[in-house]
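This one's a predicted model, so the numbers in the text were calculated from it and none came from an experiment. To find a chain, count down the sequence lines: A is the first, B the second, and so on, and within it residues start at 1.
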Number of protein chains: 2
Amino acid sequence: MTPPLGETIREHFERQILAGTLAPGARLPTEQQIMAQFGCSRMTVSKALTALATAGLIERRKRAGTFVARPRVHSMVLEVPDLAALVAARGQAYRYRLDQRDTVTSGEGHLAGHPALHVSGVHFADDRAMAVEDRLVSLAAVPDIAAADLNAEAPGTWLLHHVPWTEADSRITALGASPAEALLLGVEAGTPCLCVERRTWRGTDPITHVRQVFRGDSYELVAHFGPGAS
Amino acid sequence: MTPPLGETIREHFERQILAGTLAPGARLPTEQQIMAQFGCSRMTVSKALTALATAGLIERRKRAGTFVARPRVHSMVLEVPDLAALVAARGQAYRYRLDQRDTVTSGEGHLAGHPALHVSGVHFADDRAMAVEDRLVSLAAVPDIAAADLNAEAPGTWLLHHVPWTEADSRITALGASPAEALLLGVEAGTPCLCVERRTWRGTDPITHVRQVFRGDSYELVAHFGPGAS
DNA sequence: TAGTGGTCTAGACCACATG
DNA sequence: ATGTGGTCTAGACCACTAC
């Protein structure tokens with residue numbers, strides 16, 4: 001029924017900070033004072049404040065004290081859904097068509113020098129082309145993919161289920177469909193499309209490099225920022 | 001010189017998880033066993049494992065034990081730079097031109113019913129139009145903006161310095177420039193553009209609603225995912 | 001029901017940066 | 001120099017749940 005004491009302390013200051021009662025730069029009471037105020041041990045206070053510091057709400061400086069962190073960093077949480085799951089959630093039928101599959105060793109990029117599986121194909125929602133995808137997968141890091149049936153399961157979905165990555169970056173741009181892309185998507189060349197280019201690593205080993213071009217009228221990315229969970 | 005013991009424990013398991021030695025779903029030793037292994041108290045172990053759980057690397061279940069978390073969440077950290085800072089970082093001259101400024105009370109959207117300042121203008125990098133922006137700012141939540149000189153400082157930059165938000169969401173899409181947008185950007189109508197639409201709140205009070213349309217060839221968004229810092 | 005994690009205590013020593 | 005946070009100990013009781 002009653003929440004843990006440490007949680008109570010954490011929420012006490014979190015509320016004041018979010019409400020602005022404690023403005024950025026303001027000093028919080030010392031651990032000793034908080035101990036006295038809540039009638040608990042120092043360890044409990046420390047854990048509560050450590051959690052707030054981890055969340056980026058406060059900043060702790062030795063000998064100086066604890067302060068409300070300066071205006072927040074401008075970062076948001078970008079959702080990166082699995083396409084199959086996304087389409088299914090929309091109530092549409094998902095399909096992936098594998099168009100090309102070969103083995104290459106590229107000379108540049110983050111997979112440079114690694115033998116890689118090169119696959120390209122198209123993602124469909126209800127038999128309407130949604131995106132074209134061109135992907136390289138390192139055969140050194142993911143040898144099992146050589147035996148995978150990538151027509152039954154899209155490469156991205158297969159990788160998601162078999163090879164959790166530890167590091168990734170993405171570039172998101174807008175571009176006009178090239179003639180080849182336009183043909184695959186069933187639109188006119190130059191039609192605005194959303195392009196997502198992503199590289200992933202496991203530790204320092206490159207895993208995959210993918211470029212997806214989406215019809216601009218059938219896909220959007222969403223991001224969220226907030227104090228609570230995602 | 002020697003790192004804190006709790007940190008050592010945390011890194012010990014983090015390394016094993018990222019290296020794959022501890023596969024997703026694998027069970028970690030119990031706290032008692034880790035205590036014995038590292039010769040420390042249970043509190044120290046608990047703090048180390050709690051940090052890993054907060055970071056999402058492990059999952060703790062009572063009576064069952066501690067396990068490596070299943071494949072990672074499909075979310076990444078999206079950087080949302082201030083345009084003025086971004087352009088300056090590129091070594092270009094930044095300028096914002098305010099084109100329109102009036103007061104409205106919209107009937108719909110997340111600012112419905114709130115009197116709001118409506119501003120629209122263009123962001124320039126080296127005197128080349130980069131983006132058009134259309135924005136509503138709640139006058140109830142941000143009365144001070146009525147007196148701000150939004151020609152000297154873009155509305156987004158002004159808000160960034162004066163009103164930290166606590167919650168926000170964004171939609172990212174690709175679209176073709178409308179005739180009006182094309183005129184302002186100096187491109188042909190239909191040119192692919194990246195559109196970012198963002199709503200922000202402070203607590204439950206809506207702050208601002210902004211729609212920015214960027215020339216597709218001069219802007220990109222980047223997102224990152226990784227175990228370390230940003 | 002027994003073993004697991006969740007939480008808490010009342011101390012302690014230390015490093016450090018600020019006044 | 002002093003007070004701050006950083007870290008750690010050796011216990012303890014409790015809630016929960018898988019066995």
Quick check for you: among [options], whose closest atom lies nearest to any side-chain atom of [X]?
X: A:Met43; options: C:dA10, C:dG5, D:dA10; value: C:dA10
X: A:Arg42; options: C:dA12, C:dA15, C:dG5; value: C:dA12
X: A:Arg63; options: D:dT7, C:dT18, C:dG6; value: C:dT18
X: B:Leu5; options: D:dT7, C:dG5, D:dC8; value: D:dC8
X: B:Cys40; options: C:dT4, D:dT9, C:dT7; value: D:dT9

- Between A:His12 (side chain) and A:Thr8 (backbone), is there a donor-acceptor pair under 3.5 Å?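 The answer is no, because no donor-acceptor pair under 3.5 Å joins these two groups.
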
- Message: Please check: side-chain N/O of A:Thr44 versus main-chain N/O of A:Gly6, any donor-acceptor pairing under 3.5 Å?
- Response: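 Not at all, since once roles are kept as given, no pair shorter than 3.5 Å links the two residues.
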
Distance, rounded to the nearest Å, where [X] contributes [atom1] and [N] contributes [atom2]:
X: B:Arg60; N: D:dA18; atom1: CZ; atom2: P; result: 16 Å
X: A:Glu31; N: D:dG3; atom1: CD; atom2: C1'; result: 12 Å
X: A:Lys47; N: C:dT9; atom1: NZ; atom2: P; result: 11 Å
X: A:Ile34; N: C:dT9; atom1: CD1; atom2: P; result: 14 Å
X: A:Glu59; N: C:dT18; atom1: CD; atom2: C1'; result: 15 Å
X: B:Arg27; N: D:dT17; atom1: CZ; atom2: P; result: 16 Å
X: B:Gln33; N: C:dG3; atom1: CD; atom2: P; result: 13 Å
X: B:Leu52; N: C:dG5; atom1: CG; atom2: C1'; result: 15 Å

- Task: Using the closest heavy atom to pick a nucleotide of DNA chain C for each, name whichever of A:Ala64 or A:Gly6 lands nearer the 5' end.
- Result: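 The residue closer to the strand's 5' end, by nearest nucleotide, is A:Gly6.
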
- Name the residue closer to the 5' end of DNA chain C, choosing between B:Thr30 and A:Arg61 according to the nucleotide with the nearest heavy atom.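 Looking at DNA chain C, the more 5' nearest nucleotide goes with B:Thr30.
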
Would one find a side-chain N or O of [X] under 4.0 angstrom from OP1 or OP2 of [N]?
X: B:Ser41; N: D:dG11; answer: no
X: B:Thr44; N: D:dT9; answer: yes
X: B:Thr66; N: C:dT4; answer: no

- Message: Consider side chain to side chain contact (heavy atoms under 4.5 Å, CB included). Of A:His118, A:Glu197, A:Arg135, which one does A:His209 pass it with?
- Response: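 Only one option passes, and that is A:Glu197.
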
- Task: Could you check whether the rings of A:Tyr96 and A:His123 sit parallel, tilted or perpendicular, using 30° and 60° as the cut-offs?
- Result: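 Rings of A:Tyr96 and A:His123: tilted, as their planes differ by 30° to 60°.
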
- Task: Determine, step by step, whether A:Ser120 and A:Glu133 satisfy the side-chain contact (heavy atoms from CB on, under 4.5 Å) criterion, reporting the C-alpha distance in whole Å, the side-chain angles of both residues, the deciding distance to 0.1 Å, and the verdict.
- Result: CA-CA 5 Å; A:Ser120 65; A:Glu133 173 179 313; over 6 Å; no

